[in-house]
Amino acid sequence: MKTKIHPVEGPGAVITISLGEGESNTDEFVSSSPTVNSALQTIEQHAIDGDLSATSFRGTNIIMEQNRIILIKGEDDPKQWSDVGSSSDVNIILSSSGVTK
């Protein structure tokens, strides 16, 4: 599992998680972007395209692609970044993929 953290100067962040047998178990921080929207424009993804200037993200938004999960944290609410918030994110991902506890 390869995790890449895209911090932003404003609220929120974008986290990409690549899964697969060939993926190394690494965590990487990339250069900070001014906003979540500008961070998304640096990530090759297939869910959101075009001008994001009028787009606003709140809470946790999850994009699932073939072998990758993109977490878009739209704000700096401590609840979203806590162990409980992380556990909730994992539960959403697992239930969306048909995996149960």
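Computed from a prediction, not measured in an experiment: that's the story for all the values here. Heavy-atom basis, side chains included; hydrogens, waters and symmetry copies ignored.
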_4.5 Å side-chain heavy-atom contact, N61 and I63_ = no

Without placing hydrogens or testing angles, list every side-chain donor-acceptor pair under 3.5 Å for residues 28-45, not counting sequence neighbours.
from : atom 1 : to  : atom 2 : distance (Å)
T35  : OG1    : N37 : N      : 3.4
T35  : OG1    : S38 : N      : 3.0
T35  : OG1    : S38 : OG     : 3.1
N37  : ND2    : L52 : O      : 2.6
N37  : ND2    : T55 : O      : 2.9
S38  : OG     : T35 : N      : 3.0
S38  : OG     : T35 : O      : 2.9
T42  : OG1    : A39 : O      : 2.6
Q45  : OE1    : A47 : N      : 2.9
Q45  : OE1    : I48 : N      : 2.9
Q45  : NE2    : I48 : O      : 2.7

*Interatomic distance, M1 atom CE to I69 atom CD1 [nearest 0.5 angstrom]*: 8.5 Å

*Between CD of E23 and OG of S18, what distance do you get to the nearest 0.5 Å?*
4.5 Å

*Has the side chain of E75 got a donor or acceptor atom that lies under 3.5 Å from a matching backbone atom of G59?*
yes

*Look up atom CG in L19 and atom CD in E65, then write down how far apart they are to the nearest 0.5 Å.*
11.5 Å

*Decide whether I62 and F57 are clustered together by the hydrophobic rule: side chain heavy atoms of Ile, Leu, Val, Met, Phe, Trp, Tyr closer than 4.5 Å, transitively.*
no

*asked:* Nearest 0.5 angstrom please: K4 NZ to R68 CZ, how far?
replied: 8.5 Å

*From I17 atom CD1 to T3 atom OG1, the distance as rounded to the nearest 0.5 Å*: 5.0 Å

*Quick one: do the K2 and T26 side chains pair a donor with an acceptor below 3.5 Å?*
no

*Before giving the answer on side chain to side chain contact (heavy atoms under 4.5 Å, CB included), spell out for I15 and I70 the whole-Å C-alpha distance, their side-chain angles and the decisive distance to 0.1 Å.*
CA-CA 6 Å; I15 303 163; I70 302 170; over 6 Å; no

